[in-house]
Each structure stands twice: as C-alpha cells, then as structure tokens.
Protein chains: 2
Amino acid sequence: MNLPPLIQTFVLHFGEMGSRWGINRTVGQIYALLFLSPDPLNAEQIVQQLGFSRSNVSMGLKELQAWNLVRLQHLPDDRRDYFTTPGDLWEILRTLAEERKKREVDPTLTMLREVLMQTPSSDAERHAQTRMQDMHDLIELLTRWYDDIHRIEPSRLAQLLSLGAKVQKIFEVKDWLTGGGPERTGRSVPAAPADSGDTTDRRRPPSGS
Amino acid sequence: MNLPPLIQTFVLHFGEMGSRWGINRTVGQIYALLFLSPDPLNAEQIVQQLGFSRSNVSMGLKELQAWNLVRLQHLPDDRRDYFTTPGDLWEILRTLAEERKKREVDPTLTMLREVLMQTPSSDAERHAQTRMQDMHDLIELLTRWYDDIHRIEPSRLAQLLSLGAKVQKIFEVKDWLTGGGPERTGRSVPAAPADSGDTTDRRRPPSGS
DNA sequence: CCGTAATTTCAGAAATTTGTGAAATTATAG
DNA sequence: CTATAATTTCACAAATTTCTGAAATTACGG
C-alpha cells in the first residue's frame, strides 16, 4: 500500500469498520479510497494504491456497484471503467439507508408477517407471536417514518435534525391549537382547523423557545 | 434444534441476519430465543433448544452481555444463571443504538478529528481533508440529534415518529411564534399555522411500555 | 476444607470467507 | 476478422472465524 499517511489512516480505518458491517476489508478500503479521491479512478489505479490483486479489485468494485455506492463513468478516448462516489454526502447516506433497508429490514418484516399469519399451537407460540407483533409494529413505525423523511431535501433535513428534541414543542403548539391532549394522536380533526370559531377554554401558548 | 416451527423460523432468520451485522449466527439465534421466551432461560436450556455445544452458548451469552442486550438474573434456590431480554422494545432499540454508536461511530469521529488536525502536504491530502471534514460534520449532526432524541420517552417518541415529514411544519409555527429562528430558517414566510391540527395519522394510540 | 454443580477458558478442528493467478470473456480499434 | 486491452470468472490457496470437547476455574452448600 502506497498512500499519503493521512489518506492511509482513513482507508485502513474504513477497512476495519467495513468488516464490522457485512462488508469486507477490501471493499471498505476501495470505497474509502474512492471517497477521498478528487478524480475518478480505474481498477488499475486502485490496484496500484492498495496493493490488492486485480481480480480482487474487480470483485470489490462489483460489490460496491451492487450496493449502488459507486458510480461508473468513462473518460473520453479511454475505454477503461472509472469509478467515483457521489459528491453529496447526504446522497451517500440515503443510498446506504436504502440498501440496508432493502437487504435487512424488508426481509425481516416479510418474515414477521408470514409468521404472524400462522395459528399458534401452544402457549409458547402464542407468547412468541405477541413478541413478534411488537417487533413488527416497531419496525413498521420506523420504516414509515423513514419513508416519509428521506425525501426531505438535505438542507431542510439538517435544520430539522439540529432542532433535536425541541421538536417536541410541536405538541404543545398542537395541543394549544386543537384543545386535544398529548395522548390522543388520532387524525381526529379532518376538515376545518380547530383554531377558527373555537372560543372555549384555550390553553396558553408554549412558553420559552 | 428442537423448537416449535413458528419459533424456529424466527430464530433461524435472526441467525442469518446476525451474520450480516457483526454478530455471528450462534449469537443471533441465542438472542432470538431469549427474545421470544416468556421466562428466563439458563445456558443448559439454550443448549437443549438450539443444539449448540455448552461452551459455545457460554461464549454467546458473554457476547450478548458485552452488548448489554441481555440481562442476567437468578431464581430463588437455583444457582444457575438465567437470562432475559428487556420486555420493552424501545429499550432494546436504544441499547442497540447506544452500543453501535460506541463501537462504530465514536471511533470514527475520533479518527476523523485526529486526521483533520494534521497539516496536509499535497493537493491530494488537502482534498481528502475537505472530504473528511464533510463526513465529520454530517456524523456529528446525526449524533447530536441522536443524543438529544434518545432521551424522549417512548410513547412521545412514537407520536413524533408517526408525524413523519409533517414535522417540517414546525418551522412555520416557530417562525410565527418567535418572528425569527436561531438560524437561517425558512424565510419563505409561511402562512399562519392554521392547519396544524391535522398532524398525525389515525393509528392505534401509542402503546406505552 | 471437600465435593459437586455451574461456568469459563482454550487449543485446535471444522467451516466459512477472502484473496489470488490463470484462463475465459468482452469490447474495441484497425 | 484479428489483435490487443480491459474486465470477469473461477478453482483453489490463504486467512479468518466459529465451534467443540476437555480441562481449568469459580461458587457454594455442607
């Protein structure tokens, strides 16, 4: 391996981290290298810099493409394949989430649904099913949230995130406006917003920011 | 392996899934079994049900304890160790997030900070550093958000999540209330938060712990 | 203490995953 | 079509991880 020290540290770290996820060391390092590179790289250049065999690099790139983590492009008058990672980190994050969801979450949800359809034939199975139902509901809540949130454009999302727990105050506002308690979350007031003619017993607006 | 079919399906699935994460098949299966079990189990019972060697189960339980995913307890007049998983799924989720953060995110942040301190000695290194800075900033934003959010009690958090992308409306409310945010908040002069009554889906009320 | 039950450790066997070079395939220019 | 460059496939070697049984350790009642 023949890299500037600063880059090498990063590449090695991602190699290690890669193996904690499903991804293997080689693939992690290839990705890290592409991520840091200002220009697209071809397989031969990666071989040069990381010292893996040509075939191993080929495999690694194939895997990264399967994960949609890497983009293939061509330079004029050069028929080798060049690879890059997206410049926008939010896009990378989204891809990562998308792919992991597809590979891990969705199959689990499917499995849970199938098993929950079956009729339990013992107390043990009955209990197991309630546990699985809980898990199913939680996962579904989280994925629905994700499906909803992941379309928000990055700068807005960043704003939202930096709000952190303060978003809770939205409930105070909502309660104040609707007169509903925090327990009742139902889509209970479909049409006209409650703030119009309602003169009875308003709450105080939330204090502090 | 000698299990009711419905439980077996779940256990095997988690074995597979486990290996996609850092966790190995055995450990995944042990966890799944404990998760479904109505009562605490001791090592011998796990050996019975999963058919692993006693020592393998011992290792697996040790690993689960290291992850804080499993709780050790004792029954009266019985000196064997019994294990359970928490009944509250939110707690499990939190533990999982906590531990992964500790093992994966924090070391990465540390590494990035160290490397960002160094003085680049080439254009390549200079470019690499800006990439790393981007990554650092994104991770920090996400972890700050997590640190903030993870303390919210489950039922409230469930409410919040089921709001999904609608939380964006908070900016309208906030602008309206404060007449200016801490940061460059949407200057698109929102209408008064007239619609905020209808913010959530109609779902079952959040099931508290 | 002693005896026994429970658990853990650990060296190495078994299984799985990763990495390689050689050969095959694909693509392209002439 | 042929020659050559680029990439991929694949059988097997190397490395790593997982799993086991035997031995060691720990815990505890008597």
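Each chain gets a letter, A, B and so on, in the order the sequences are listed, and its residues count up from 1.
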Original post:
Rounded to the nearest Å, what distance is computed from the OH atom of residue B:Y82 to the C1' atom of nucleotide C:dA6?
Top reply: 11 Å
Original post:
Roughly how many Å is it from CG in B:L75 to P in C:dA6, rounded to a whole number?
Top reply: 13 Å
Original post:
Going by heavy atoms closer than 4.0 Å, what residues in residues 54-62 of chain A are next to DNA chain C?
Top reply: A:S55, A:N56
**OP:** Please work out which residues in residues 9-36 of chain B have a non-hydrogen atom less than 4.0 Å from an atom of DNA chain C and list them by number.
**Re:** none
Original post:
Sequence neighbours excluded, which residues qualify as side chain to side chain donor-acceptor pair (under 3.5 Å) partners of A:T85?
Top reply: B:R131
Subject >> Donor-acceptor pair, side chain of A:R151 and main chain of A:D147, under 3.5 angstrom >> reply: yes
Original post:
Is the side chain of A:E99 donor-acceptor paired with the backbone N or O of A:T95 at a distance under 3.5 Å, no angle test?
Top reply: no
**OP:** Describe the nucleic acid contact of A:D81 in one word from base, sugar-phosphate, nothing, applying a heavy-atom distance below 4.0 Å.
**Re:** sugar-phosphate
Subject >> Over all atoms of both residues, closest heavy-atom pair of A:P86 and A:L69 >> reply: CD-O, 4.0 Å
Original post:
Which atom pair, heavy atoms only, marks the closest approach of A:W90 to A:D88?
Top reply: N-OD1, 2.9 Å
Original post:
Are any of B:R80's side-chain N or O atoms less than 4.0 Å away from OP1 or OP2 of C:dA6?
Top reply: yes
Original post:
Just wondering, are more than 12 heavy atoms of other shown residues or ligands nearer than 6.0 Å to CZ in B:R126?
Top reply: yes
Subject >> salt bridge (Lys or Arg N to Asp or Glu O under 4.0 Å) pairs, two or more places apart, involving residues 62-77 of chain A >> reply: A:R71-A:E91
Can you give me every donor-acceptor pair (side chain of residues 49-59 of chain B, partner residue at least two apart or in another chain, under 3.5 Å) with its distance?
| residue | atom | partner | partner atom | Å |
| --- | --- | --- | --- | --- |
| B:S53 | OG | B:S55 | OG | 3.3 |
| B:S53 | OG | B:N56 | N | 3.1 |

Original post:
Under a criterion of less than 4.0 angstrom to any heavy atom of chain A, what are the 5'-terminal and 3'-terminal contacting nucleotides of DNA chain D?
Top reply: D:dT4 to D:dC10
